[in-house]
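Okay, so here's the structure we're looking at.
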Amino acid sequence: MSADAPNHTPTKKLRIATCSLAGCFGCHMSFLDVDEALADLIEHIEFDRSPFTDIKHVSEGGVDIGLIEGGLCNKENVEVLREFRARCTTLVAVGACAMYGGVPALRNGIPVSELVAEAYLGDDLHNPQIPSDPELPPLLNKVLPLHEVVPIDVTLAGCPPPAAAFRELILAALAERAAVIPRPDRHFD
Ligand code: SF4
């Protein structure tokens, strides 16, 4: 057994759901930076809804851990967050965007109408028009961190959090103990 495998045999796999809301997928990439240690962990974990699986909804029966990167920038983000909260025993705000809104929240000082006009109605654009298909989720007036809409159980700091933090979070859950993330792995940049 490698140093990254749990030192006991869990009776069932840890079920994990992940998603990116108003995120850049950088937190997911950092999770994958666990690299070869993931091969040891994968025997003990199972991914539910996630960009890794392409499952579109968290299982109705629920999962153990939900990892969410990104804050909330539109109404669909809020619906997804509520589904995660309802179906994940432990909900984790992963990274600066989920914890504080992150870089996308820099738009919060500007009215949405101005932002949309700047993006879609510029003189130098071909056929400038504001997208209006009803399938498009309406933007929120401000980008919000997750905790402003639902309670959050755990946070992983960083933009993105380091791979070591993800690994420790999972190892701790498998061992049914609290995660202990060393100070160097709890940075905010
Ligand atoms: S915290 Fe950083 S890496 Fe993670 S989604 Fe936000 S911008 Fe991307």
Side-chain angles (χ1 to χ4, degrees), residues 14-38 41-42 45 47-58 63-85 87-88 90-110 112 115-116 118-119 136-173 179-189:
L14 193 73
R15 292 180 58 78
I16 300 175
T18 83
C19 74
S20 178
L21 299 179
C24 75
F25 279 93
C27 289
H28 277 76
M29 294 307 295
S30 187
F31 188 4
L32 293 179
D33 278 345
V34 171
D35 289 336
E36 68 272 13
L38 200 54
L41 291 176
I42 207 73
I45 64 180
F47 285 104
D48 192 82
R49 175 195 166 138
S50 170
F52 303 148
T53 63
D54 208 29
I55 297 172
K56 304 300 186 195
H57 289 277
V58 182
V63 301
D64 301 298
I65 296 178
L67 302 173
I68 298 185
E69 75 160 46
L72 306 161
C73 74
N74 64 39
K75 290 191 174 175
E76 182 186 50
N77 292 160
V78 175
E79 289 167 15
V80 173
L81 174 63
R82 290 195 190 285
E83 178 180 285
F84 267 70
R85 179 65 282 178
R87 298 181 179 177
C88 300
T90 300
L91 192 59
V92 186
V94 177
C97 296
M99 290 173 67
Y100 309 118
V103 170
L106 290 173
R107 80 153 160 93
N108 286 358
I110 306 169
V112 170
L115 292 167
V116 170
E118 176 69 22
L136 294 173
L139 292 172
L140 303 179
N141 287 332
K142 291 185 187 303
V143 175
L144 303 174
L146 307 187
H147 70 263
E148 289 203 16
V149 174
V150 301
I152 296 297
D153 304 305
V154 177
T155 56
L156 284 189
C159 182
F166 288 96
R167 190 174 64 228
E168 166 60 10
L169 183 83
I170 291 171
L171 288 172
V180 180
I181 296 174
R183 183 67 189 87
D185 292 332
R186 280 186 282 129
H187 55 73
F188 291 84
D189 55 355

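In listed order, ligands and their atoms are each counted from 1.
Pro151 places a side-chain heavy atom less than 4.5 Å from the side chain of Arg85. Under the 4.5 Å side-chain criterion, counting only non-hydrogen atoms from C-beta, Asp48 is not in contact with Ile16.
Salt-bridge check for Arg15 with Asp64: failed, with every basic side-chain N at 4.0 Å or more from each acidic carboxylate O. Salt bridge status for Lys56 with Asp54: present, with a side-chain N to carboxylate O gap under 4.0 Å.
Under a cut-off of 6.0 angstrom, the local environment of CG in Asp153 is crowded, with over 12 non-hydrogen atoms contributed by other residues, nucleotides or ligands.
Aromatic rings of His28 and Phe31 (six-membered ring for Trp) have centroids beyond the 6.0 Å cut-off, not under it.
Annotation: protein N, O or S atoms under 2.8 Å of atom 6 (Fe) of ligand 1 (waters excluded) comprise Cys97 SG.
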